[in-house]
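Below: one structure, written as structure tokens.
In listed order, ligands and their atoms are each counted from 1. Atoms considered below: every heavy atom in the structure, side chains included; atoms not considered: hydrogens, waters and symmetry mates.
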Amino acid sequence: MGINIIDHPLIQHKLAIIRDIKTNSKDFRSLVSEVGSLLTYEVCKNFQTKKIKVTTPVAEGVFQTLATEVVIVPILRAGLGMVEGIINLIPNAHIGHIGLYRDEKTLEPIVYYQKFPKELKEAVVLLVDPMLATGNSAKKAVEILKAHGAKEIIYVGLVGAPQGANNLSTAFPEVEIFLAAMDSHLNEKGYIVPGLGDCGDRLFGTK
Ligand code: URA
């Protein structure tokens, strides 16, 4: 358990382009999705497998498949940007959604939507939000998931701030965190510095 920063050259290369203010929405969207895929490869490295019998064109053998269901839960709206990349690697995963927005003044999360597949209770749940800033939204999302019966939750994001990562891991030490980078701090508006700006706005071109 703990906080994992995936310092792979390809991930860091793509993240540098994502961060660049000159990167347009189209490229930003593809790159966020691609980094979602690359992170997923690491996230799954300790997943349990089970043995199954397979007949190849040449012979019968016993091989491994994933032993557990996977449920991907993006926090709306920025989390949506990573879903395609993750599901490309785990095509049988189910998808739930949590809608949260940050109150501009208090920075506290307000819940406006939640919907989960029935597999949530038995699955490994990938909670997806690119920016782990204050950690308040992530904490709220974990509370909601646990209230719906989720037992194993892994947080997957792009960039974190130490404050947010500590906040989440102090409240829920059992939730493993995977990020592409841990940045310096939060500014007075709650943005990660240097970060990448407002991820939702950059994904959906709403600025
Ligand atoms: N959400 C964002 O989109 N960006 C930040 O820097 C912090 C929270």
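Looking only at heavy atoms of the protein, atom 8 (C) of ligand 1 is closest to R102 NH2, 3.7 Å. Summary of contacts: the protein heavy atom closest to atom 5 (C) of ligand 1 is Y191 CD2, 3.5 Å. Protein heavy atom nearest atom 6 (O) of ligand 1, with residue, atom name and distance: I192 N, 2.8 Å.
Annotation for D7 and Q12: closest pair OD1-CG, 3.5 Å, computed over non-hydrogen atoms.
The atoms of ligand 1 that sit less than 4.0 Å from any heavy atom of A133 are 7 (C), 8 (C).
Within 6.0 Å of atom CD in E34, more than 12 heavy atoms from other residues, nucleotides or ligands are found, so the atom counts as buried in its surroundings. Heavy-atom contacts from other residues, nucleotides or ligands closer than 6.0 Å to NZ of K121 number 12 or fewer. Annotation for H185: atom NE2 counts as buried by contact number, over 12 foreign heavy atoms lying within 6.0 Å.
With distances taken over non-hydrogen atoms, the option nearest atom 4 (N) of ligand 1 out of G190, G200, G197 is G197.
Residue C199 touches ligand 1 through backbone and side chain together, judged by heavy-atom distances below 4.0 Å.
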Steps toward side chain to side chain contact (heavy atoms under 4.5 Å, CB included) verdict (F47, I154): CA-CA 11 Å; F47 276 16; I154 299 175; 3.9 Å; yes
Y101/S137 under side chain to side chain contact (heavy atoms under 4.5 Å, CB included): CA gap, chis, key distance, verdict: CA-CA 8 Å; Y101 67 88; S137 298; over 6 Å; no
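Where the criterion is an N or O separation shorter than 3.5 Å, residue side chain and backbone included, M131 fails it with respect to ligand 1.
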